[in-house]
2 protein chains.
Amino acid sequence: MKSPSSLDELIAALRCLPGVGPRSAQRMAYHLLQRDQPGAARLGAALTRALERIRHCERCNSFAEEAVCELCRSPRRDAALLCVVESPGDLLMIEQARCYPGLYFVLMGALSPLDGVGPKEIHLDRLLKRATDGTVREAILATNFTVEGEATAHYVGELLRERGLKVSRIARGLPVGGELEHVDSGTLAQALMERREVS
Amino acid sequence: MKSPSSLDELIAALRCLPGVGPRSAQRMAYHLLQRDQPGAARLGAALTRALERIRHCERCNSFAEEAVCELCRSPRRDAALLCVVESPGDLLMIEQARCYPGLYFVLMGALSPLDGVGPKEIHLDRLLKRATDGTVREAILATNFTVEGEATAHYVGELLRERGLKVSRIARGLPVGGELEHVDSGTLAQALMERREVS
(Lines give C-alpha, C1' and ligand atoms only; values in the text may rest on other atoms or scores of the structure.)
Protein backbone atom coordinates (compact mmCIF):
# COMPACT_ATOMS: atom_id res chain seq x y z
CA MET A 1 0.00 0.00 0.00
CA LYS A 2 1.33 3.39 -1.00
CA SER A 3 0.81 6.55 1.06
CA PRO A 4 -0.63 9.56 -0.77
CA SER A 5 2.28 11.21 -2.60
CA SER A 6 1.74 14.65 -1.07
CA LEU A 7 1.98 13.00 2.37
CA ASP A 8 5.25 11.30 1.39
CA GLU A 9 6.57 14.61 0.10
CA LEU A 10 5.64 16.34 3.35
CA ILE A 11 7.43 13.64 5.37
CA ALA A 12 10.52 13.98 3.16
CA ALA A 13 10.42 17.79 3.40
CA LEU A 14 10.20 17.73 7.22
CA ARG A 15 13.55 15.94 7.29
CA CYS A 16 15.28 19.22 6.33
CA LEU A 17 14.74 20.25 9.97
CA PRO A 18 17.80 19.66 12.16
CA GLY A 19 17.53 16.55 14.35
CA VAL A 20 14.49 15.16 12.54
CA GLY A 21 14.86 11.60 11.23
CA PRO A 22 12.41 9.46 9.23
CA ARG A 23 10.31 8.41 12.24
CA SER A 24 9.98 11.90 13.75
CA ALA A 25 9.15 13.30 10.31
CA GLN A 26 6.35 10.75 9.92
CA ARG A 27 5.03 11.51 13.40
CA MET A 28 5.13 15.26 12.72
CA ALA A 29 3.30 14.92 9.39
CA TYR A 30 0.55 12.76 10.91
CA HIS A 31 0.25 15.10 13.86
CA LEU A 32 -0.13 18.16 11.63
CA LEU A 33 -2.70 16.57 9.30
CA GLN A 34 -4.65 14.78 12.00
CA ARG A 35 -4.60 17.21 14.90
CA ASP A 36 -3.29 20.62 13.87
CA GLN A 37 -4.17 21.65 10.33
CA PRO A 38 -4.37 25.35 11.35
CA GLY A 39 -0.85 25.03 12.77
CA ALA A 40 0.36 23.44 9.56
CA ALA A 41 -1.17 26.23 7.48
CA ARG A 42 0.41 28.82 9.77
CA LEU A 43 3.81 27.13 9.49
CA GLY A 44 3.58 26.97 5.69
CA ALA A 45 2.70 30.66 5.51
CA ALA A 46 5.41 31.63 8.03
CA LEU A 47 8.06 29.79 6.01
CA THR A 48 7.03 31.51 2.80
CA ARG A 49 6.84 34.91 4.46
CA ALA A 50 10.21 34.55 6.21
CA LEU A 51 11.91 33.47 2.97
CA GLU A 52 10.43 36.47 1.18
CA ARG A 53 11.21 39.05 3.83
CA ILE A 54 14.33 38.02 5.69
CA ARG A 55 17.62 39.26 4.30
CA HIS A 56 20.97 40.15 5.81
CA CYS A 57 21.57 43.51 7.49
CA GLU A 58 24.07 45.51 5.40
CA ARG A 59 26.06 46.40 8.47
CA CYS A 60 26.03 43.41 10.86
CA ASN A 61 25.06 40.66 8.40
CA SER A 62 22.47 39.23 10.84
CA PHE A 63 18.91 38.46 9.79
CA ALA A 64 16.83 41.58 9.18
CA GLU A 65 13.77 42.74 7.31
CA GLU A 66 15.19 46.20 6.65
CA ALA A 67 18.44 47.11 4.84
CA VAL A 68 20.00 48.05 8.19
CA CYS A 69 18.64 46.28 11.29
CA GLU A 70 17.19 47.92 14.38
CA LEU A 71 20.25 47.14 16.50
CA CYS A 72 22.70 48.68 14.02
CA ARG A 73 20.51 51.79 13.75
CA SER A 74 20.30 52.28 17.53
CA PRO A 75 21.99 55.49 18.72
CA ARG A 76 22.36 53.99 22.19
CA ARG A 77 24.95 51.37 21.17
CA ASP A 78 28.69 52.00 21.48
CA ALA A 79 29.95 52.07 17.88
CA ALA A 80 33.57 51.71 19.00
CA LEU A 81 32.99 48.04 19.95
CA LEU A 82 32.39 45.34 17.34
CA CYS A 83 31.63 41.81 18.54
CA VAL A 84 32.21 39.07 15.94
CA VAL A 85 29.95 35.99 16.34
CA GLU A 86 29.25 32.92 14.23
CA SER A 87 25.44 33.03 14.08
CA PRO A 88 22.38 35.17 14.80
CA GLY A 89 21.61 32.74 17.63
CA ASP A 90 24.92 33.64 19.29
CA LEU A 91 24.12 37.34 18.92
CA LEU A 92 20.78 36.73 20.62
CA MET A 93 22.47 34.88 23.50
CA ILE A 94 24.81 37.82 24.12
CA GLU A 95 21.90 40.27 23.93
CA GLN A 96 20.01 38.19 26.48
CA ALA A 97 23.00 38.45 28.85
CA ARG A 98 22.42 42.28 28.78
CA CYS A 99 26.07 43.09 29.38
CA TYR A 100 27.37 44.25 26.01
CA PRO A 101 26.84 47.83 24.85
CA GLY A 102 28.46 47.63 21.37
CA LEU A 103 27.58 46.42 17.88
CA TYR A 104 27.98 43.07 16.12
CA PHE A 105 29.14 41.34 12.98
CA VAL A 106 27.65 37.91 12.23
CA LEU A 107 29.88 35.63 10.13
CA MET A 108 27.05 33.16 9.40
CA GLY A 109 29.42 30.26 9.96
CA ALA A 110 33.00 29.41 10.89
CA LEU A 111 36.01 28.54 8.76
CA SER A 112 35.92 24.85 7.84
CA PRO A 113 37.98 24.21 4.68
CA LEU A 114 36.99 20.52 4.55
CA ASP A 115 33.31 21.53 4.35
CA GLY A 116 34.05 24.16 1.73
CA VAL A 117 33.64 27.07 4.15
CA GLY A 118 36.45 29.54 3.42
CA PRO A 119 36.98 33.28 4.06
CA LYS A 120 34.48 34.17 1.34
CA GLU A 121 31.68 32.05 2.84
CA ILE A 122 31.99 33.81 6.21
CA HIS A 123 31.94 37.25 4.53
CA LEU A 124 35.40 38.31 5.70
CA ASP A 125 35.65 41.00 3.01
CA ARG A 126 32.54 42.65 4.45
CA LEU A 127 33.79 42.26 8.02
CA LEU A 128 37.11 43.94 7.14
CA LYS A 129 35.31 46.79 5.41
CA ARG A 130 32.95 47.19 8.36
CA ALA A 131 35.72 47.02 10.98
CA THR A 132 37.85 49.64 9.21
CA ASP A 133 35.10 52.20 8.61
CA GLY A 134 36.67 54.54 11.18
CA THR A 135 34.21 54.03 14.05
CA VAL A 136 35.42 50.68 15.42
CA ARG A 137 38.28 50.70 17.95
CA GLU A 138 38.08 47.19 19.40
CA ALA A 139 36.97 43.92 17.83
CA ILE A 140 35.82 41.27 20.29
CA LEU A 141 36.05 37.75 18.89
CA ALA A 142 33.16 35.69 20.26
CA THR A 143 33.23 32.65 17.98
CA ASN A 144 32.71 29.24 19.61
CA PHE A 145 35.50 27.39 21.40
CA THR A 146 35.37 24.57 18.86
CA VAL A 147 38.17 23.70 16.42
CA GLU A 148 36.44 25.73 13.68
CA GLY A 149 35.57 28.63 15.96
CA GLU A 150 39.12 28.84 17.31
CA ALA A 151 40.64 28.72 13.81
CA THR A 152 38.23 31.44 12.71
CA ALA A 153 39.09 33.65 15.70
CA HIS A 154 42.80 33.20 15.02
CA TYR A 155 42.50 34.01 11.31
CA VAL A 156 40.11 36.95 11.74
CA GLY A 157 42.19 38.30 14.65
CA GLU A 158 45.36 38.38 12.55
CA LEU A 159 43.66 40.29 9.75
CA LEU A 160 42.07 42.84 12.07
CA ARG A 161 45.26 43.44 14.06
CA GLU A 162 47.19 44.04 10.82
CA ARG A 163 44.72 46.85 10.15
CA GLY A 164 45.54 48.54 13.46
CA LEU A 165 42.52 47.45 15.48
CA LYS A 166 42.61 46.34 19.10
CA VAL A 167 41.51 42.69 19.09
CA SER A 168 40.25 40.67 22.07
CA ARG A 169 38.82 37.19 22.59
CA ILE A 170 36.05 36.35 25.08
CA ALA A 171 37.40 34.56 28.17
CA ARG A 172 37.51 30.82 28.52
CA GLY A 173 37.11 29.26 31.94
CA LEU A 174 34.66 27.63 34.28
CA PRO A 175 31.00 28.52 33.80
CA VAL A 176 29.28 30.57 36.49
CA GLY A 177 28.12 28.12 39.13
CA GLY A 178 30.50 25.51 37.72
CA GLU A 179 32.30 23.07 40.01
CA LEU A 180 35.86 21.90 39.46
CA GLU A 181 34.74 18.33 39.99
CA HIS A 182 32.39 18.43 37.02
CA VAL A 183 34.35 20.39 34.46
CA ASP A 184 36.46 18.78 31.70
CA SER A 185 40.25 18.86 32.06
CA GLY A 186 40.73 21.04 28.95
CA THR A 187 38.58 23.81 30.40
CA LEU A 188 40.27 23.46 33.78
CA ALA A 189 43.75 23.68 32.23
CA GLN A 190 42.71 26.76 30.27
CA ALA A 191 41.18 28.36 33.37
CA LEU A 192 44.47 27.83 35.21
CA MET A 193 46.60 29.22 32.38
CA GLU A 194 44.39 32.27 31.94
CA ARG A 195 44.17 32.95 35.70
CA ARG A 196 43.93 36.59 36.70
CA GLU A 197 45.75 38.25 39.53
CA VAL A 198 43.48 39.20 42.42
CA SER A 199 44.38 42.65 43.62
CA MET B 1 16.96 44.34 20.39
CA LYS B 2 13.98 42.87 18.55
CA SER B 3 14.25 40.03 16.02
CA PRO B 4 12.64 40.61 12.62
CA SER B 5 8.92 39.89 13.06
CA SER B 6 8.73 37.31 10.26
CA LEU B 7 11.53 35.40 12.01
CA ASP B 8 9.63 35.51 15.32
CA GLU B 9 6.52 34.29 13.55
CA LEU B 10 8.43 31.41 11.97
CA ILE B 11 9.83 30.39 15.38
CA ALA B 12 6.33 30.54 16.90
CA ALA B 13 4.88 28.54 14.00
CA LEU B 14 7.51 25.79 14.29
CA ARG B 15 6.28 25.12 17.83
CA CYS B 16 3.16 23.48 16.41
CA LEU B 17 5.40 20.47 15.65
CA PRO B 18 5.19 17.75 18.31
CA GLY B 19 8.16 17.75 20.70
CA VAL B 20 9.47 21.13 19.57
CA GLY B 21 9.97 23.69 22.35
CA PRO B 22 11.13 27.32 22.17
CA ARG B 23 14.86 26.51 21.92
CA SER B 24 14.48 23.83 19.23
CA ALA B 25 12.14 26.09 17.29
CA GLN B 26 14.74 28.87 17.34
CA ARG B 27 17.49 26.47 16.27
CA MET B 28 15.31 25.12 13.44
CA ALA B 29 14.42 28.61 12.17
CA TYR B 30 18.06 29.74 12.15
CA HIS B 31 19.13 26.49 10.49
CA LEU B 32 16.56 26.87 7.71
CA LEU B 33 17.33 30.52 7.00
CA GLN B 34 21.10 30.22 7.37
CA ARG B 35 21.86 26.84 5.81
CA ASP B 36 18.87 25.39 4.02
CA GLN B 37 16.66 27.94 2.32
CA PRO B 38 15.78 25.48 -0.50
CA GLY B 39 14.70 22.97 2.18
CA ALA B 40 12.56 25.64 3.84
CA ALA B 41 10.91 26.51 0.53
CA ARG B 42 10.28 22.83 -0.14
CA LEU B 43 8.76 22.35 3.32
CA GLY B 44 6.51 25.40 2.90
CA ALA B 45 5.30 24.12 -0.46
CA ALA B 46 4.83 20.55 0.83
CA LEU B 47 2.71 21.79 3.73
CA THR B 48 0.50 23.85 1.45
CA ARG B 49 0.19 21.02 -1.06
CA ALA B 50 -0.59 18.38 1.56
CA LEU B 51 -3.26 20.59 3.16
CA GLU B 52 -4.82 21.16 -0.25
CA ARG B 53 -4.73 17.58 -1.41
CA ILE B 54 -5.04 15.30 1.57
CA ARG B 55 -8.52 14.32 2.60
CA HIS B 56 -10.06 11.27 4.23
CA CYS B 57 -10.85 8.13 2.24
CA GLU B 58 -14.64 7.66 2.09
CA ARG B 59 -14.33 4.00 3.00
CA CYS B 60 -11.46 3.64 5.50
CA ASN B 61 -11.21 7.26 6.73
CA SER B 62 -7.40 7.24 6.39
CA PHE B 63 -5.46 9.98 4.61
CA ALA B 64 -5.94 9.85 0.83
CA GLU B 65 -5.74 12.07 -2.21
CA GLU B 66 -8.60 10.30 -3.95
CA ALA B 67 -12.19 9.79 -2.77
CA VAL B 68 -11.42 6.11 -2.14
CA CYS B 69 -7.81 5.20 -1.36
CA GLU B 70 -5.65 2.72 -3.21
CA LEU B 71 -5.84 0.13 -0.44
CA CYS B 72 -9.66 0.20 -0.30
CA ARG B 73 -9.82 -0.15 -4.10
CA SER B 74 -7.46 -3.14 -4.21
CA PRO B 75 -9.17 -6.34 -5.43
CA ARG B 76 -6.50 -8.41 -3.70
CA ARG B 77 -7.59 -7.52 -0.17
CA ASP B 78 -10.03 -9.69 1.79
CA ALA B 79 -13.17 -7.57 2.11
CA ALA B 80 -14.54 -9.85 4.84
CA LEU B 81 -11.98 -8.56 7.34
CA LEU B 82 -12.09 -5.03 8.74
CA CYS B 83 -9.31 -3.90 11.04
CA VAL B 84 -10.14 -0.88 13.24
CA VAL B 85 -7.13 1.29 14.15
CA GLU B 86 -6.70 4.66 15.84
CA SER B 87 -4.48 6.42 13.32
CA PRO B 88 -3.01 6.23 9.79
CA GLY B 89 0.37 5.61 11.42
CA ASP B 90 -1.01 2.45 13.03
CA LEU B 91 -2.39 1.33 9.66
CA LEU B 92 1.05 1.82 8.13
CA MET B 93 2.69 -0.22 10.90
CA ILE B 94 0.34 -3.16 10.27
CA GLU B 95 0.94 -2.91 6.51
CA GLN B 96 4.67 -2.99 7.14
CA ALA B 97 4.25 -6.20 9.16
CA ARG B 98 2.89 -7.78 5.91
CA CYS B 99 0.64 -10.26 7.65
CA TYR B 100 -2.85 -8.85 7.26
CA PRO B 101 -4.88 -9.42 4.07
CA GLY B 102 -8.03 -7.42 4.91
CA LEU B 103 -9.20 -3.83 4.91
CA TYR B 104 -9.13 -1.07 7.54
CA PHE B 105 -11.11 1.61 9.28
CA VAL B 106 -9.16 4.49 10.84
CA LEU B 107 -10.90 6.17 13.80
CA MET B 108 -8.51 9.17 13.80
CA GLY B 109 -8.36 9.05 17.58
CA ALA B 110 -9.62 7.11 20.58
CA LEU B 111 -12.48 7.77 22.99
CA SER B 112 -11.41 10.24 25.64
CA PRO B 113 -14.41 12.01 27.17
CA LEU B 114 -12.24 14.29 29.32
CA ASP B 115 -10.55 15.64 26.18
CA GLY B 116 -13.86 16.03 24.42
CA VAL B 117 -13.34 13.03 22.15
CA GLY B 118 -16.62 11.13 22.02
CA PRO B 119 -18.21 8.65 19.58
CA LYS B 120 -18.81 11.41 17.01
CA GLU B 121 -15.16 12.54 16.97
CA ILE B 122 -13.95 9.02 16.17
CA HIS B 123 -16.51 8.69 13.36
CA LEU B 124 -18.38 5.74 14.88
CA ASP B 125 -21.46 6.38 12.71
CA ARG B 126 -19.32 5.90 9.60
CA LEU B 127 -17.62 2.83 11.06
CA LEU B 128 -20.99 1.21 11.84
CA LYS B 129 -22.27 1.95 8.34
CA ARG B 130 -19.06 0.61 6.81
CA ALA B 131 -19.02 -2.53 8.98
CA THR B 132 -22.64 -3.38 8.19
CA ASP B 133 -22.45 -2.94 4.41
CA GLY B 134 -22.78 -6.71 3.91
CA THR B 135 -19.17 -7.52 2.98
CA VAL B 136 -17.56 -7.49 6.43
CA ARG B 137 -17.73 -10.69 8.47
CA GLU B 138 -15.14 -10.00 11.14
CA ALA B 139 -14.04 -6.75 12.74
CA ILE B 140 -10.56 -6.83 14.26
CA LEU B 141 -10.07 -4.21 16.96
CA ALA B 142 -6.48 -2.98 16.80
CA THR B 143 -6.65 0.15 18.94
CA ASN B 144 -3.76 0.78 21.35
CA PHE B 145 -3.48 -1.01 24.68
CA THR B 146 -3.79 2.28 26.53
CA VAL B 147 -6.75 3.24 28.73
CA GLU B 148 -8.33 5.19 25.86
CA GLY B 149 -7.61 2.47 23.28
CA GLU B 150 -9.03 -0.27 25.50
CA ALA B 151 -12.16 1.76 26.27
CA THR B 152 -12.60 2.40 22.55
CA ALA B 153 -12.17 -1.29 21.71
CA HIS B 154 -14.73 -2.24 24.36
CA TYR B 155 -17.27 0.33 23.22
CA VAL B 156 -16.83 -0.33 19.50
CA GLY B 157 -16.83 -4.09 20.07
CA GLU B 158 -20.20 -3.97 21.86
CA LEU B 159 -21.79 -1.98 19.06
CA LEU B 160 -20.46 -4.24 16.32
CA ARG B 161 -21.42 -7.47 18.06
CA GLU B 162 -24.97 -6.14 18.57
CA ARG B 163 -25.10 -5.88 14.78
CA GLY B 164 -24.23 -9.54 14.34
CA LEU B 165 -20.56 -9.20 13.42
CA LYS B 166 -17.80 -11.45 14.66
CA VAL B 167 -15.52 -9.20 16.71
CA SER B 168 -11.91 -9.91 17.70
CA ARG B 169 -9.18 -8.02 19.51
CA ILE B 170 -5.51 -8.25 18.56
CA ALA B 171 -3.62 -10.31 21.11
CA ARG B 172 -1.94 -8.66 24.01
CA GLY B 173 1.47 -9.60 22.70
CA LEU B 174 2.20 -5.94 23.10
CA PRO B 175 3.27 -4.73 26.51
CA VAL B 176 0.50 -3.13 28.58
CA GLY B 177 0.58 0.61 27.99
CA GLY B 178 2.41 0.10 24.70
CA GLU B 179 1.51 1.83 21.46
CA LEU B 180 1.36 0.25 18.00
CA GLU B 181 3.57 2.90 16.53
CA HIS B 182 6.52 1.90 18.69
CA VAL B 183 6.48 -1.89 18.43
CA ASP B 184 8.50 -4.12 16.07
CA SER B 185 6.82 -5.85 13.11
CA GLY B 186 7.34 -9.37 14.51
CA THR B 187 5.47 -8.64 17.73
CA LEU B 188 2.74 -6.92 15.78
CA ALA B 189 2.37 -9.87 13.39
CA GLN B 190 2.13 -12.22 16.38
CA ALA B 191 -0.54 -10.07 17.97
CA LEU B 192 -2.59 -10.14 14.76
CA MET B 193 -2.29 -13.93 14.34
CA GLU B 194 -3.26 -14.58 17.94
CA ARG B 195 -6.34 -12.40 17.95
CA ARG B 196 -9.13 -13.82 20.09
CA GLU B 197 -12.84 -13.69 19.52
CA VAL B 198 -14.70 -11.48 21.98
CA SER B 199 -17.66 -13.43 23.38
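Chain identifiers are assigned alphabetically (A, B, ...) following the order of the sequence lines, protein sequences preceding nucleic acid strands; residue numbering begins at 1 within each chain.
The structure places OH of Tyr30(A) at 7.5 Å from CG of Leu91(B), a figure rounded to the nearest 0.5 Å. Atom CZ of Arg53(A) sits about 7.5 Å away from atom CD of Glu9(B), to the nearest 0.5 Å. Of the inter-residue distances, the one linking Ile54(A) atom CD1 with Gln37(B) atom CD reads 9.0 Å to the nearest 0.5 angstrom.
No single ILVMFWY cluster, assembled from side-chain heavy atoms under 4.5 Å apart, contains both Leu111(A) and Val147(A). Hydrophobic clustering of Ile, Leu, Val, Met, Phe, Trp and Tyr side chains at less than 4.5 Å, counting indirect connections, unites Val85(A) with Phe145(A). Residues Val68(B) and Leu71(B) fall into different hydrophobic clusters, defined by Ile, Leu, Val, Met, Phe, Trp and Tyr side chains chained together at heavy-atom separations under 4.5 Å. In the hydrophobic clustering of this structure, Met93(A) does not group with Ile11(B); members are Ile, Leu, Val, Met, Phe, Trp, Tyr whose side-chain heavy atoms approach within less than 4.5 Å, directly or through other members.
In terms of heavy atoms, Leu10(B) sits closest to Ala46(A) at CA-CB, 3.9 Å. Scanning both residues, Ala40(A) and Cys16(B), for their nearest heavy atoms gives N-SG, 4.4 Å. Scanning both residues, Pro18(A) and Arg27(B), for their nearest heavy atoms gives CB-NH1, 4.0 Å.
If you check the side chains of Ser6(B) and Glu65(A), you find a donor sitting under 3.5 Å from an acceptor.
For Ala12(B), the parts lying under 4.5 angstrom from a heavy atom of chain A are both the backbone and the side chain. Contact annotation for Arg23(B): only side-chain heavy atoms (C-beta onward) come within less than 4.5 Å of a heavy atom of chain A.
Ranked by heavy-atom pairs under 4.5 Å with chain A, the list Leu33(B), Asp36(B), Val20(B) is led by Leu33(B). Ranking His31(B), Met108(B), Gln34(B) against chain A, the residue ahead of the rest is Gln34(B), based on heavy-atom pairs under 4.5 Å. Comparing Ala64(B), Ser74(B), Ala41(B), Pro88(B) by how many heavy-atom pairs each has under 4.5 Å with chain A, the most go to Pro88(B). Taking chain A as the reference chain and counting heavy-atom pairs below 4.5 Å, the highest number among Leu14(B), Leu17(B), Leu7(B), Thr48(B) is found for Leu17(B).
Annotation: Arg137(A), atom CZ; neighbour count of heavy atoms from other residues, nucleotides and ligands within 6.0 Å does not exceed 12. Counting non-hydrogen atoms of other residues, nucleotides and ligands closer than 6.0 Å to CZ of Arg163(A) gives a total above 12. Crowding of Arg73(A) atom CZ: a count of heavy atoms from other residues, nucleotides or ligands under 6.0 Å exceeding 12.
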Test side-chain contact (heavy atoms from CB on, under 4.5 Å) applied to Ser5(B) and Arg49(A), step by step: CA-CA 10 Å; Ser5(B) 66; Arg49(A) 213 173 101 100; 3.9 Å; yes

